[in-house]
Amino acid sequence: MAKSEEINLPPLPPGTHGIPKGNRYKQQFGVIVLVQDEPAQKSLFEQLTGHGHRCKVVNT
């Protein structure tokens, strides 16, 4: 897999803020679990964080 600095990207459109300075991105791995409702989301979040996992809650 090519590293991000090795990929030739198209030019940015006019008016954009430009390319971020330095290497702000790092490789991360995660899992998205879909649940039935908000109470199930809360329960799963508490279980996973209780086991020491770093979690983020999303709602779409």
Using side-chain hydrogen bond (donor to acceptor under 3.5 Å, both in side chains) as the criterion, list what pairs up with Glu46, not counting sequence neighbours.
none

Among residues at least two apart in sequence or on other chains, which ones pass side-chain hydrogen bond (donor to acceptor under 3.5 Å, both in side chains) with Thr49?
none

Can you pull the side-chain hydrogen bond (donor to acceptor under 3.5 Å, both in side chains) pairs that have at least one residue in residues 27-43, sequence neighbours excluded?
Ser43-Gln47

Between Leu48 and Val35, is there shared hydrophobic-cluster membership here, with clusters defined by ILVMFWY side-chain heavy atoms closer than 4.5 Å?
yes

